[in-house]
Amino acid sequence: MKRFGFVILLAVCLTMVVGVPAAAQDGRPDLLIWADNTREKALTPLVEQFSADFGVTVRVDEIGMGDIRANLPVAGPAGEGPDIIIAAHDWIGELVLNGSVVPLNLGDKAAEFNPAALSLFTYNGELYGMPYAVENVAFFRNPELVPDAPATWDEVKAITEELVSSGTSEFGYLIQTNDAYHYFPIMNAFGGYVFGLDENGNYNPEDVGIDSPGAIAAGQWLQSMAEAGYLVADVNYDVMHAKFEGGDAAMIITGPWALPRIRQSGVPYAISDLPAGPAGPGKPFIGGQGFMISAYSPNQLLAEAFLLDFMANTEPMQAMYDADPRPPAYLPVLESLADPDLEAFRHAGLVGEPQPSIPQMSSVWGAWGNAQQFTITQELDGETAFTDAAAQIRDLIAGRVTGATTSETGEYVGLPGTIQEALGCPGNWQPECENTRMIVGEDDGVWQAAFDLPAGSYEYKVALNGTWDVNYGMGGEAGGANIVLNLDADTNVVFLFDPISHWVTDNVNSLIVSAPGSYQAALGCPGDWAPDCLLSWMQDADGDGIYSFSTDVLPAGDYEVKAALNQSWDVNYGADGEAGGANIPFTVSADNEPVTFSFDSSTNLLTVAVGG
């Protein structure tokens, strides 16, 4: 790699001229990289080598994968963000639209990367990332229980029935209760899809296929498995893998990231293509991870040199693979491997579809996963679950929050402020304007509204019943100060108002944090594990970054909980503040014992305190 030293040293010199001294004065390294815990371990020794070779300071901060995406547009403009992030390819649409990343020109280096991987990181004809891994799921089976790979999902069901009825295995095929990503190959095998394609072959967000005939047929297959007792509730990633690795489940869908733990378990396994359905083979999502350069970086030239002239070489890319063995996007490393498991994944992915990277995809995951969960738990039949999910997705994409604008007692809530002229009101600060009325939640009583606002600085409050007689401002204070809303780009802003605590906020100034868990039905939610039910909304009225919620209505029993952001499962935190981590158990020893849930936004740690 020393042969690229001139290019890097030139970048170092130019960077120093334009501003590294200022950055160094405040303790900031020349390059700051955000990576999750897996990639941080691989990158740290590499950046130490880079620092020693070229005399620049580089630091890798361990940030949860979901937090990287959420925090970059916030920390970047404040001068506290990274120069480089490790990101999933499907973040690109959102990050490009909010101006958080810049295009990257690989030049001659492009020939050293898998073309399919480069296409994943391309948006509107421009490349926004340097990929290092491409991945998809495949079908795992225990060959001692299932000697031959099932060709169809009907065969999967028949094998499951035989294994369970004979007592050979506790489960045949097992899937996570709420995990649309792994469910996708089942849905599309029956003819379902997420987004249709336009005339140019691009994903069309106006064509949502979650309730298409094929998606409904897949939901009915899922329902039949649940009704037979073959699929059960409360199965997360760890439970599914523990069952497979312990020989208690014969078949699962998982990805190359699971190979280390499966190999270590010693369970016999075979990897094959995903079973087919009436519409053809099961097609996995094709996804990728890679490096992106922050638009807020003061050292973009140095960041580009680090990626193209240091990381895009065999030794660093091999180190990334060794730390997390996913199929490399860097061809020299890929071609040096002789791993039959990775070849099996590659073959399963030949029919795969790129996971949509358009911004509207963020509106899909929560409702789609909930439909799967409601079908497995038999709270809804398959057709109803996926029909309702599709309607919710279309509303989210359109920026709609649907429901009644008047409560059962005849009250209504408006959002007067300087946002109103932008939303079609005849003037600002008009509590009577119907354009900025909020919607009351049917299940939780929380008032919400979602509006598309242009970039700018605004102020607003909440006012009841079209007058200023009762109004609430900052911190939920009656007649309190106006709430300031600063938007650096055009933004769909979600506003919320709790009629009990009177806290009013939005998803720009605050996190929207709920505590979904196995206790929510006892609160009055339609079901458990519902991140969109705001009866378990954790609030931070004093702005100290600690979000909390208390209740004393739970019956005695054992429960589990997690923290979820933005009323969906897209970003969630479990035990030890880990993104997507294990459920957090807690016990209520007596009926109506007080329970307080607290979420620390600086650590993503959710704690549960039971008792006085």
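When all heavy atoms of Glu459 and Asn482 are compared, the closest pair comes out as OE1-ND2, 2.9 Å. Here the closest non-hydrogen pair linking Ser548 and Ser598 is CB-OG, 3.9 Å. When every heavy atom of Leu554 is checked against every heavy atom of Ala522, the shortest pair comes out as CD2-CB, 3.8 Å. Closest non-hydrogen pair, Leu95 versus Leu72, comes out as CD2-CD2, 4.4 Å. Annotation for Leu423 and Asn435: closest pair O-ND2, 3.0 Å, computed over non-hydrogen atoms. Residues Tyr559 and Ser518 come closest through the heavy atom pair CA-OG, 3.4 Å.
Side-chain contact check for Asn428 and Thr418: no donor-acceptor pair (N or O, by modelled atom type) lies under 3.5 Å. With 3.5 Å as the limit, one finds no donor-acceptor pair spanning the side chains of Ser357 and Asp90. There is no side-chain donor-acceptor pair under 3.5 Å between Gln373 and Thr377. Donor-acceptor pairing under 3.5 Å is recorded for the side chains of Gln539 and Asp498. A donor-acceptor pair shorter than 3.5 Å can be found between the side chains of Ser602 and Asp600. Looking only at atom types and distance, the side chain of Thr57 has a donor-acceptor partner in the side chain of Asp30 under 3.5 Å away. Checking Asp506 against Tyr460 by side-chain atom types alone, a donor-acceptor pair falls below 3.5 Å. For the residue pair Gln567/Asp532, the side-chain donor-acceptor check at 3.5 Å is not satisfied. No donor-acceptor contact under 3.5 angstrom links the side chains of Gln223 and Thr375, judged on distance only. Side-chain contact, Asp552 with Asn592: no donor N or O sits under 3.5 Å from an acceptor N or O. For the residue pair Gln176 / Asn236, no side-chain donor-acceptor distance below 3.5 Å is found, with atom types taken as modelled.
Here the side chain of Thr387 pairs no donor or acceptor atom with the backbone of Thr384 at under 3.5 angstrom. Between the side chain of Asn71 and the backbone N or O of Ala75, no donor-acceptor pair lies under 3.5 Å. Judged by distance alone, the side chain of Gln448 and the main-chain N or O of Leu496 form no donor-acceptor pair under 3.5 Å. Between the side chain of Asp540 and the backbone N or O of Asp544 there is at least one donor-acceptor pair closer than 3.5 Å. The backbone N or O of Gln520 lies less than 3.5 Å from a partner atom in the side chain of Asp528, making a donor-acceptor pair.
Crowding of Glu432 atom CD: a count of heavy atoms from other residues, nucleotides or ligands under 6.0 Å exceeding 12. Other residues, nucleotides and ligands contribute more than 12 heavy atoms inside 6.0 Å of the CG atom of Asp207. By the 6.0 Å contact criterion, CD on Gln378 is enclosed, its count of non-hydrogen atoms from other residues, nucleotides or ligands being greater than 12.
Between the CD atom in Glu434 and the OG1 atom in Thr436 there is a gap of 9.5 Å [rounded to 0.5 Å]. Distance check: Cys525 SG to Tyr519 OH gives 7.5 Å after rounding to the nearest 0.5 Å. To the nearest 0.5 angstrom, Asn471 atom CG is 9.0 Å from Leu464 atom CG. From Asn204, atom CG reaches atom CD of Gln360 across 9.0 Å, with rounding to the nearest 0.5 Å. Here the SG atom belonging to Cys433 is positioned 10.5 Å from the CG atom belonging to Leu415, to the nearest 0.5 angstrom. The CG atom of Asn486 lies 7.5 Å from the CG atom of Asn509; values are rounded to the nearest 0.5 Å.
Side-chain contact between Lys461 and Trp429 is present, with at least one heavy-atom pair separated by less than 4.5 Å. The side-chain heavy atoms of Phe549 and Thr596, taken from C-beta on, include no pair separated by under 4.5 Å. With a 4.5 Å cut-off on side-chain heavy atoms, Trp537 and Val446 count as touching. Considering only heavy atoms from C-beta on, Leu43 comes within 4.5 Å of Ile86 through its side chain. A heavy-atom distance below 4.5 Å is found between the side chains of Phe495 and Met438. Within the 4.5 Å cutoff, the side chain of Val96 has no heavy atoms near those of the Asn124 side chain. The side-chain heavy atoms of Phe195 and Val208, taken from C-beta on, include a pair separated by under 4.5 Å. Residues Val561 and Asn583 fail the side-chain proximity criterion, which asks for heavy atoms closer than 4.5 Å.
Ring to ring, Phe597 and Tyr547 are not that close: their centroids are 6.0 angstrom or more apart. Side-chain rings of Phe121 and Phe291 stay apart, their centers remaining 6.0 Å or farther from each other.
Aromatic ring orientation, Trp368 versus Tyr183: perpendicular (interplanar angle above 60°, classes split at 30° and 60°). In this pair, His502 and Phe497 present their aromatic rings parallel. The plane angle is below 30°, not in the 30 to 60° band.
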Let me see the working for Asp558 and Thr587 under side chain to side chain donor-acceptor pair (under 3.5 Å), right down to the final yes or no. CA-CA 4 Å; Asp558 295 324; Thr587 298; 2.7 Å; yes
Decide yes or no on side chain to side chain donor-acceptor pair (under 3.5 Å) for Asn566 and Asn507, but give the supporting numbers first. CA-CA 8 Å; Asn566 301 320; Asn507 64 340; 5.1 Å; no
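Taking the charged nitrogens against the carboxylate oxygens, Arg394 and Asp211 do have a contact shorter than 4.0 Å, which makes a salt bridge.
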